[in-house]
Structures are given as structure tokens and as C-alpha cells.
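The first residue of the sequence shown is numbered 1, and numbering continues consecutively from there. Computed from a prediction, not measured in an experiment: that's the story for all the values here.
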Amino acid sequence: MEKKYFKLISLLLILSIFGFAQKAPKNVIFMIGDGMGIAQVYSAMVANGNKLALEQCTYSGFSKTYSNDNFTTDSGAGGTALACGVKTKNGMIGMNPDSVAVESILEKAEKNHLATGIVVACAVTHATPATYIAHQVNRNMYEEIAADYLKTDIDVFIGGGRKYFEDRSDGKNLTNELKAKNYKIAYNLADVKTTTSGKLAGLLYDDQNPGMPERGDQLPESTEAAINILKNNAKGFFLMVEGSQIDWACHANDANKTIKEMLDFDKTIAKVLDFAEKDGNTLVIITADHETGGMTIVNGKMGTDSLTVFYSTKGHSGVPVPVFSYGPGAENFSGFMENTDFKQKIEKLLKLKK
Ligand code: MG
Ligand code: ZN
């Protein structure tokens, strides 16, 4: 080869590698299947005819879920690790083991002028969503956690838990305070779906959301609505979405219900991946805070939900959970990770400064 061509090709190669390495996401959608281990994923895949939307993810890995004081984490410590990047004591929300508040990735994104959101299939005050926005020593402090929503400028939150805002022991009505901060309050899914801009508090149920199939398309459609609002922000957004009740189905050792909750979560994942594919600047990460039930599948028939499933506990197990990722930066979420690694990796990719 002539020397000048070699030089040119080398230069082009260096530029393309450099360009690829520099490809950073503008938006991050972080999806948590509460209690979602490999058996939970596979049970839904089998029942769904050997396919799930999450298979479109291009990278996969594992997250180690042990907490500061327990081999087996709860959703408080598990969520705090994912949201805030610290291992804490079981039951704690957004705090380190010394009860000192630690900033979450959502709060940091908000501070850096990204739009932010939380969409869940449970009360917005429940442990997992709480770890992204609240700082409390105990996950059961639902009214205190509701009040913490007022301390941030989160753009969208949708789930249940209306009573912790409106029917409180201190007599306050926090939805009035939310309205004063220019939030639209939506009490039903139809109102959520017609909102395409501004700030939105979707308090769709008095306490916890119903399970599947009673919940209908609340999670996928709320997620789609949240994306439609958040994508208006030119600086990008951070959205946390939780398939909250996979965990509850597994505490009940109910494989049929687990499959229904998993398929609802996967339907939500399909909508998210569809947006990410079209957008091209959105990183999607799907993982769990822990596995629930010690679920395993010893027999089944592809395309049916008649599986032979065993559980080893009515509680959580200590095994690592799967991680799936898609979009710019997805390659950073493969192999074995600590559950505390996500926050740092995301803030680096989103170039969050302060
Ligand atoms: Mg949860
Ligand atoms: Zn649980």
C-alpha cells in the first residue's frame, strides 16, 4: 500500500474509534424489576412463546446485591445502592449506614438541569421509588417520604399512594403544595395520557396499585406518557421505571402471577426500547434490586405457562441479578458489577458535574 493511503486510512480509523468512544447518551431510562431474577425473566419468556422485548438489549451482566448489614438485601438498601451508589442497612432509604443522606442519581440529574421522572406500579412512597427521591431511616415512613417529593424539582411521578399526600396525620394536603409548584395532579390514567408538557404528579390509587391483570396498562402507558413529557427537555432526562409487583408475586410463591407481572414489565420495556431505538440518544438499563423467592424452573413447555416451578423462600434470596442494557454507553454495563456501580457509571456518561 502506498504510504499516503495508509496514513489516510489510519486517520479515518482513529477518527471513527474516537467518535464511537465519544458517543454518550443524552437520556437514561433505568428500569428495575423488583425481585426479578433469571427464573422470573425466563418464566415469562417461556410463557410468551420463547421471546421477550428485553432480548433486544445488546449487553448483559450481573449485579451483586448484598447490603451493608445483610447478605440478603431488602428493597430499601437495594434501591439505595442503585440510586445513590452506597451499600446501606436494610430498610434505609437514600442514606448511608450512618443515617447521612446521600444524593441520588435522579437528584443529581435534576441539579444538572436534566428533566427527571419516576413511574412505578406501586405507591410512589414505596421503598424502590423512595430511594431515588427521599432520605429516611426507615422505608415505612410513607408520609415523610411523600413530603420529600416536595423537596426536589422532579418533573413527573406516577404511581399510587395518594393518601400519603392528602390524608395525612399532620393534616397537610401535599397536593395543594404540589399545585403551588405548578404540578398538574392526575388521579387517573386518562389524565396522565393527555399530559404532554409541564410537571405532572400522577396519584392514581389511594394506596398500592392493584396487581395484574386488574392494573391494565397503567405501567406501560404511564411510562410512555412520562417519556413524552420528559423528552421536551433539550438537556435530556433521567427516568426510573419500576415493575414493582414481580416481588410481591414471588413473596407469594405464585408463578402465574409472577409471569403476569413480568409480561407487564416487558410490555413497558418494549415501549421504552422502541423510543430508545428511534431516539438514538437514550441509554436503557434494566436490572433488579434483588431476587425474590429463590425461584427455579425444573420443567415446562415452550409457549405455555404450565411450568414446574419451585421456590426456596418466601423472602428474598442473595443471588446476583441480571442486567440488560441498550443504547449509547450500554457496553459499560456488562460482566459482574456491584449494585453500587450504576450511579457513578450513569453520572459519568451523562457528564453530570455538580
Ligand atoms: Mg419495589
Ligand atoms: Zn420483597
Side-chain angles (χ1 to χ4, degrees), residues 27 29-32 34 79 83 104 106-107 109-110 114-134 142-143 145-168 172-233 237-245 261 264-265 267-269 271-272 275:
N27 315 310
I29 303 177
F30 197 87
M31 306 184 74
I32 302 172
D34 196 317
S104 77
L106 184 145
E107 290 168 318
E110 186 62 49
L114 274 73
T116 55
I118 289 174
V119 178
V120 294
C122 63
V124 297
T125 49
H126 207 250
T128 312
T131 58
Y132 281 79
I133 196 134
Y142 294 135
E143 293 188 358
I145 290 166
D148 279 352
Y149 272 85
L150 274 302
K151 292 177 186 164
T152 70
D153 278 314
I154 184 169
D155 296 273
V156 180
F157 58 98
I158 306 167
R162 184 178 59 205
K163 70 175 186 179
Y164 305 109
F165 290 80
E166 296 187 350
D167 185 18
R168 297 165 54 85
K172 284 186 188 169
N173 184 340
L174 298 186
T175 55
N176 288 338
E177 295 180 31
L178 285 166
K179 282 177 198 161
K181 288 185 79 177
N182 296 319
Y183 282 89
K184 175 186 167 180
I185 314 293
Y187 293 112
N188 56 64
L189 189 57
D191 279 352
V192 164
K193 285 164 71 176
T194 53
T195 311
T196 53
S197 63
K199 293 169 105 176
L200 172 67
L203 298 169
L204 309 184
Y205 306 96
D206 191 46
D207 194 357
Q208 301 296 347
N209 309 17
M212 292 305 290
E214 294 77 14
R215 198 170 64 245
D217 280 336
Q218 181 256 314
L219 189 67
E221 294 194 345
S222 300
T223 300
E224 196 170 36
I227 291 170
N228 281 333
I229 299 170
L230 298 174
K231 73 179 184 190
N232 294 327
N233 188 352
F237 66 81
F238 176 87
L239 171 65
M240 192 285 281
V241 178
E242 186 199 20
S244 316
Q245 298 196 31
E261 290 294 340
D264 175 62
F265 189 47
K267 193 173 188 178
T268 310
I269 291 167
K271 283 193 183 288
V272 165
F275 167 78

Go through the structure and list residues passing ring pair (Phe, Tyr, Trp, His ring centres under 6.0 Å) with Phe237, not counting sequence neighbours.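 Listed in chain order: nothing, the list is empty.
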Would you indicate whether the side-chain heavy atoms of [Y] and [X] approach each other to under 4.5 Å?
{"X": "Met212", "Y": "Gln245", "value": "no"}
{"X": "Glu166", "Y": "Leu174", "value": "no"}
{"X": "Val156", "Y": "Ile118", "value": "no"}
{"X": "Phe30", "Y": "Val241", "value": "no"}

Specify the closest pair of heavy atoms between [X] and [Y], including all atoms of both residues, with the distance to one decimal.
{"X": "Ile32", "Y": "Met240", "value": "CD1-SD, 4.0 Å"}
{"X": "Ala226", "Y": "Val119", "value": "CB-CG2, 3.6 Å"}
{"X": "Leu189", "Y": "Ser222", "value": "CD1-OG, 3.5 Å"}
{"X": "Pro129", "Y": "Tyr149", "value": "CB-OH, 3.9 Å"}
{"X": "Cys122", "Y": "Glu242", "value": "SG-OE1, 3.6 Å"}

When you look at Phe275 and Ile29, which way does the side chain to side chain contact (heavy atoms under 4.5 Å, CB included) test go after all the steps? CA-CA 10 Å; Phe275 167 78; Ile29 303 177; 4.3 Å; yes
With [X], which residues qualify under side chain to side chain contact (heavy atoms under 4.5 Å, CB included), at least two apart?
{"X": "Pro210", "value": "Tyr205, Glu214, Arg215"}
{"X": "Thr125", "value": "Ala123, Tyr142, Ile145, Ala146, Tyr164, Phe165"}
{"X": "Asn233", "value": "Ala115, Lys235"}
{"X": "Ala225", "value": "Val192"}

How long is the gap from [atom1] on [X] to [atom2] on [Y], to the nearest 0.5 Å?
{"X": "Leu219", "Y": "Lys271", "atom1": "CG", "atom2": "NZ", "answer": "11.0 Å"}
{"X": "Leu150", "Y": "Leu178", "atom1": "CG", "atom2": "CG", "answer": "5.0 Å"}
{"X": "Met31", "Y": "Ile269", "atom1": "CE", "atom2": "CD1", "answer": "5.0 Å"}
{"X": "Asn232", "Y": "Asp155", "atom1": "CG", "atom2": "CG", "answer": "10.0 Å"}

Please step through side chain to side chain contact (heavy atoms under 4.5 Å, CB included) for the pair Thr152 and Tyr132, ending with a clear verdict. CA-CA 11 Å; Thr152 70; Tyr132 281 79; over 6 Å; no
Dump the intermediate steps for salt bridge (charged side-chain N to carboxylate O under 4.0 Å, His left out) on Lys163 and Asp206, then the final yes or no. CA-CA 5 Å; Lys163 70 175 186 179; Asp206 191 46; 5.1 Å; no
With no hydrogens and no angle check, just 3.5 Å: does a side-chain donor-acceptor pair link Glu110 and Thr116?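 A pair is found: one side chain offers a donor N or O, the other an acceptor, under 3.5 Å apart.
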Establish, from distance only, whether the side-chain atoms of Asn209 and Gln218 form a donor-acceptor pair under 3.5 Å.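 Note: Asn209 and Gln218 side chains meet the donor-acceptor criterion.
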Pairing of Asp264 and Lys267 as salt bridge, 4.0 angstrom limit: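 The answer is no: the pair does not qualify as a salt bridge.
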Answer yes or no: is there a donor N or O on one side and an acceptor on the other, between the side chain of Ser104 and the main chain of Glu107, under 3.5 Å?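 Between the backbone of Glu107 and the side chain of Ser104 there is a qualifying donor-acceptor contact (under 3.5 Å).
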Donor-acceptor pair, side chain of Arg168 and main chain of Glu143, under 3.5 angstrom: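 The answer is yes, because a donor-acceptor pair under 3.5 Å joins these two groups.
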Checking side chain to side chain contact (heavy atoms under 4.5 Å, CB included) for the pair Ser244/His126: CA distance, chi angles, key distance, verdict? CA-CA 9 Å; Ser244 316; His126 207 250; 5.9 Å; no
Show me the side-chain donor-acceptor pairs of residues 195-204 shorter than 3.5 Å, one per line, residues at least two apart or across chains.
| residue | atom | partner | partner atom | Å |
| --- | --- | --- | --- | --- |
| Thr195 | OG1 | Lys184 | NZ | 2.7 |
| Thr195 | OG1 | Asp191 | O | 2.7 |
| Lys199 | NZ | Asp153 | OD1 | 3.3 |

